[in-house]
Amino acid sequence: MSTEIPKTIKAIQVDKAGGPEVNVLREIPTPVPKDDELLIKVEWTGVNYIDNYFRSGLYPKQFPYTVGQDAVGIVVTLPKNTSTSSVKINIGDKVWTTAGNSFAEYLVAPRDRIALLPKEIDSKDGVSLATQGLTALYLLKESYPAKKGDWVLVRSAAGGVGLILTQIAKHFSVNVIATVSSESKVELVKQNGADHVLLSSDSSESNIKKILELTGGEGVHGVYDGVGKDTWEENFEIVRRKGTIVTYGNASGPVPEFSPLRLSAKALKVTRPTLFAIVKTQQEWDEYTSELVEITKKANIKYAVHKIYNFTAEDVAQAQRDISSRGTTGKLLIKVSSE
Ligand SMILES: NC(=O)c1ccc[n+]([C@@H]2O[C@H](COP(=O)([O-])OP(=O)(O)OC[C@H]3O[C@@H](n4cnc5c(N)ncnc54)[C@H](OP(=O)(O)O)[C@@H]3O)[C@@H](O)[C@H]2O)c1
């Protein structure tokens, strides 16, 4: 690997809110790390649904910005400040990160967003560990802390977060009912451990009936819902007394406003977490990343890849169209540079 740092790099940027066509590939000055940041040469990055929320304007973002939420790459420079982390990082180490601006040949990442990628884990899989893997783990540990024998509902279980969530839930000996939108996804989700798979294209009444039957009439202890608007109402029917609705995404649009009184009949809890609010400190980062790596190795978690895209504006636009099409399973990867 050349240690020479170029003055300019290629990056995918967005200048204004719009559809996938607003992604542009351009030459920008190489970002300069602050004292607590590292410079990473990016090998792989990947598409997350949140890229659409920023690009469309649903989530506020200052334009222009460089797209991207996670990457695997090689450490090129170290931070000047001493880190509180017990994990030592050196130049040349392969790392994974949830740092932003990852659709670029180089990115700067805060020290508390960098984890070592062990040799046993494939570089491509390291991208899935980042935003999607950490999200799956925190949802199960903190948002509704699922216990052995609990029943949970995982919506859109063939997606990036969904497939990992299903596998880790099974590792925790939790009973998983999964939903997917098409027959073609059912087998994959079963192979990843789901005990029962329902089609979201079936009627809501029929799915509510099936979920209640499977759970002895009680409903699930927790529902993990990244779909948002379309499934919001159904969640109140399928969650049991004292259960938890975890709404963590807006794939179909944001959920409507509601009164807390809505929760009283079954004494429900609703939580709306984000990765960045849950895994915030260096200690939280070190604990979550090391646990995810350990679970990956111990439970042999499979990180499915939907497709590998080129590092071009056209391919990034296509990948963002694809992830919105409901036809993808697992991770959509972008190869930025060779290993
Ligand atoms: N809060 C957090 O910390 C956090 C972190 C990461 C991701 N997320 C959220 O988690 C969810 C999954 O993210 P991901 O990146 O792993 O994406 P993904 O699940 O790979 O793709 C999105 C999936 O959403 C489902 N979907 C349901 N209704 C849809 C609609 N109207 N339009 C498009 N897709 C729809 C589709 O599966 P089916 O067709 O099978 O339903 C689709 O495959 C997203 O909502 C994302 O924002 C939240």
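Atoms within a ligand are numbered from 1 in the order they appear, just like the ligands themselves.
When T271, V220, V255, V239 are each tested for a side-chain contact (heavy atoms from CB on, under 4.5 Å) with I245, only one passes: V239.
Remark: minimum distance from atom 2 (C) of ligand 1 to any protein heavy atom is reached at Y138 OH, 3.3 Å. Regarding atom 33 (C) of ligand 1, its nearest protein heavy-atom neighbour is Y49 OH, 3.0 Å.
At a heavy-atom distance under 4.0 Å, no atom of F276 approaches ligand 1. Residue contacts with ligand 1 for L275 involve both N, CA, C or O and side-chain atoms from C-beta outward (heavy atoms, distance under 4.0 Å). Contacts of A157 with ligand 1, taken as heavy-atom pairs under 4.0 Å, are absent altogether. At a heavy-atom cutoff of 4.0 Å, ligand 1 is contacted by the backbone of N250 but not by its side chain. In V161, the parts holding a heavy atom less than 4.0 Å from any atom of ligand 1 are both the side chain and the backbone. Residue-level proximity to ligand 1 for R272 is carried by the side chain, the only part with a heavy atom below 4.0 angstrom. Neither the backbone nor the side chain of R155 comes within 4.0 Å of ligand 1, counting heavy atoms alone. By the criterion of a heavy-atom distance under 4.0 Å, neither the backbone nor the side chain of S182 is placed next to ligand 1.
Judged by the 6.0 Å distance and 45° axis criteria, K61 is positioned over the aromatic ring of Y65.
Both Y303 and Y288 are assigned to one and the same hydrophobic cluster, defined by single-linkage of ILVMFWY side chains at heavy-atom distances under 4.5 Å.
The shortest N/O to N/O separation between R326 and ligand 1 falls below 3.5 Å. Close N/O approach between S181 and ligand 1 is found [any backbone or side-chain N/O within under 3.5 Å]. An N or O contact shorter than 3.5 Å links G226 to ligand 1 by distance. Between I50 and ligand 1, no pair of N/O atoms sits closer than 3.5 Å.
Classified by interplanar angle (parallel below 30°, tilted 30° to 60°, perpendicular above 60°), the ring pair W96/W285 is tilted. Ring-plane geometry between Y224 and Y144 is classed as tilted, the angle between the planes lying from 30 to 60 degrees on a 0 to 90 degree scale.
We find the CG-OG distance between N52 and S324 to be 4.0 Å, quoted to the nearest 0.5 Å.
Pairs of residues two or more places apart, or lying in two chains, that qualify as salt bridge (Lys or Arg N to Asp or Glu O under 4.0 Å) and include a residue from residues 255-284 are E233-R262.
Residues R326 and S182 form no side-chain contact, since every pair of their non-hydrogen atoms from C-beta on lies 4.5 Å or further apart. When side chains are defined from C-beta on, L129 does not count as touching L134, because their heavy atoms never get closer than 4.5 Å.
Residue contacts with ligand 1 do not include G162, since none of its heavy atoms lies under 4.0 Å from the ligand. Between A158 and ligand 1 there is no heavy-atom distance shorter than 4.0 Å.
When the options A304, G249, A251 are ranked by their closest heavy atom to atom 32 (N) of ligand 1, first place goes to A251.
Looking at residues two or more places apart in sequence or on another chain, you find no side-chain hydrogen bond (donor to acceptor under 3.5 Å, both in side chains) involving D93.
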